[in-house]
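Accompanying notes for the structure given below.
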Amino acid sequence: MVKKKTKIEISGWGIFGLICLAFVLIGVGSCSYDSYMRNSYDYPVHIQEALSKKKFEKAYKIIGKWTKYRGQGWFNDKEKAKIDSYKEIVLSEEIRLAILNGELNRVEDIASWREGGLERLPRILQSQKMLIFSRLKMVDESTLKALCSYMNTSELMGAYIEAVDGNKSMILSFISGLSVGHDVATTGRIVGKEVMEANMRYTQAVTRYNDACNVALDYAISVKDKDFAYKLVLLFKRSLEMQISNDKWFSKDDEYYYMYSDQPIEEAKRKYEMAF
């Protein structure tokens with residue numbers, strides 16, 4: 001006896017029903033997943049697990065999900081603050097590992113890849129400064145210059161002098177690497193945000209440069225090296241002074257007057273003359 005195969009036919013409405021059921025199941029699954037990520041998923045624990053295995057990309061992905069499921073909306077300020085703290089923890093650990101591996105030249109790039117990384121970098125480098133100081137001897141000029149943009153230049157220069165055992169050529173090389181570069185000051189009466197920002201960059205660069213010169217000069221004086229001290233005095237640069245020349249009460253476009261000042265050079269000369 002041969003059994004006949006039964007042919008199951010599904011009408012168009014049946015197919016439509018199956019599709020609808022599939023969407024319902026997907027929706028239920030999605031809602032269940034969203035609920036789990038909002039209420040039960042322990043983000044800090046999973047971030048720490050990723051960090052313990054040096055899986056930084058995974059840690060950042062977890063932070064991204066944390067932001068999506070719990071860090072949205074003005075009413076979640078406490079959650080956002082916690083998320084921000086973990087962003088800094090992860091970036092700090094990533095930078096610490098780079099420093100340990102002798103990759104100080106990568107620190108700025110690493111921070112630039114991460115959201116808000118460059119804003120966090122000064123705090124992170126300050127917290128890692130003793131580790132950084134222990135690795136300064138082999139750092140190139142461009143890396144030193146980058147570090148000076150985010151760290152206290154005087155502290156960095158002092159640590160560098162100790163790291164290179166007072167090597168004069170290396171100290172002078174460090175200072176030359178801090179040259180002001182392409183930022184040129186504009187003097188006279190100034191109106192305009194771009195020009196003022198360029199002058200601010202110039203002021204910051206000159207301040208860092210003269211701070212390094214001052215620490216080096218103090219070192220030369222402490223070891224009674226008159227010739228080296230004199231060379232350092234000649235390296236100081238003029239600073240830039242600013243005054244409001246026209247205060248406009250009903251506009252943000254105040255006029256400012258910029259002028260060069262020889263004060264840093266004169267102070268260095270006086271320090272040299274008193275020492276020798």
Side-chain angles (χ1 to χ4, degrees), residues 44 47-48 50-52 54-57 59-60 63 77-78 80-167 170-171 173-181 183 197 200-219 222 237 239 264:
I47 289 170
Q48 293 293 350
L51 289 181
S52 68
K54 313 302 180 190
K55 293 183 177 180
F56 301 111
E57 293 301 332
Y60 284 114
I63 289 174
D77 289 343
K78 289 184 178 179
K80 288 176 184 176
K82 196 172 180 182
I83 291 169
D84 282 340
S85 70
Y86 271 89
K87 285 179 181 178
E88 189 153 326
I89 288 169
V90 175
L91 181 59
S92 180
E93 183 60 24
E94 189 175 12
I95 287 174
R96 188 184 73 86
L97 184 62
I99 297 169
L100 282 171
N101 291 336
E103 298 175 331
L104 266 168
N105 59 313
R106 293 184 58 239
V107 165
E108 189 175 25
D109 284 340
I110 291 171
S112 68
W113 298 337
R114 309 305 183 187
E115 181 185 357
L118 291 177
E119 289 78 10
R120 295 184 176 93
L121 191 54
R123 292 192 299 273
I124 292 172
L125 293 181
Q126 181 64 21
S127 69
Q128 304 284 350
K129 71 177 183 179
M130 298 313 296
L131 181 59
I132 292 169
F133 291 169
S134 69
R135 283 156 172 75
L136 283 179
K137 189 171 185 177
M138 304 306 294
V139 174
D140 58 41
E141 290 175 16
S142 62
T143 302
L144 285 168
K145 185 175 182 179
L147 289 174
C148 284
S149 299
Y150 301 101
M151 300 181 70
N152 183 295
T153 305
S154 297
E155 285 188 347
L156 199 60
M157 186 60 170
Y160 185 74
I161 291 172
E162 185 176 346
V164 299
D165 297 321
N167 185 295
M170 294 182 78
I171 294 170
S173 182
F174 182 172
I175 293 172
S176 69
L178 289 175
S179 59
V180 178
D183 286 331
E197 287 177 349
M200 180 61 72
R201 289 194 298 271
Y202 178 89
T203 300
Q204 291 170 345
V206 168
T207 299
R208 289 194 297 267
Y209 178 89
N210 284 337
D211 283 347
C213 289
N214 254 319
V215 175
L217 178 59
D218 288 341
Y219 167 74
S222 71
K237 294 182 182 293
S239 60

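Since the model is a prediction, treat every value here as computed from it, not as a measurement. Scope of the values below: all heavy atoms of this structure, side chains included, with no hydrogens, waters or symmetry mates.
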Checking the side chain of [X] only, and the main-chain atoms of [Y] only, is there a donor and an acceptor separated by less than 3.5 Å?
X	Y	value
R135	I99	yes
S85	K82	yes
D165	N167	no
R120	E115	yes
S173	M170	no

If you measure from [atom1] on [X] to [atom2] on [Y], what distance do you get to the nearest 0.5 Å?
X	Y	atom1	atom2	result
I124	I132	CD1	CD1	10.0 Å
L217	N210	CG	CG	11.0 Å
Y160	K137	OH	NZ	10.0 Å
L104	I95	CG	CD1	10.0 Å
N214	Y209	CG	OH	11.5 Å
L136	L156	CG	CG	5.5 Å

State, with a plain yes or no, whether a side-chain heavy atom of [X] is found less than 4.5 Å away from one of [Y].
X	Y	answer
L178	T153	yes
F133	E155	yes
E162	Y219	no
I89	I47	no
E93	K54	yes
S142	N105	no
W113	I110	yes
I161	M157	yes

Non-hydrogen atoms of [X] and [Y] that approach each other most closely:
X	Y	result
I171	A216	CG2-CB, 3.9 Å
T207	T203	OG1-O, 2.8 Å
S92	Q128	OG-NE2, 3.5 Å
I175	C213	CG2-SG, 3.8 Å
A59	L51	CB-CD2, 4.3 Å
E141	G177	OE1-CA, 4.1 Å

Q.
Could you go through F56 and L97, starting from their C-alpha distance and side-chain angles, then the distance that decides it, and tell me whether this counts as side chain to side chain contact (heavy atoms under 4.5 Å, CB included)?
A. CA-CA 11 Å; F56 301 111; L97 184 62; 3.7 Å; yes

(Q) For R114, give me all partners under salt bridge (charged side-chain N to carboxylate O under 4.0 Å, His left out), at least two apart in sequence or on another chain. (A)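 Once residues adjacent in sequence are excluded, the partners of R114 under the salt bridge (charged side-chain N to carboxylate O under 4.0 Å, His left out) criterion are E57, E94.
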
Q.
Are more than 12 heavy atoms, taken from residues, nucleotides or ligands other than E197, located less than 6.0 Å from that residue's CD atom?
A.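 Result for CD/E197: enclosed.
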
Q.
Between E108 and Y150, is there a side-chain donor-acceptor contact under 3.5 Å, judged purely by atom types and distance?
A. yes

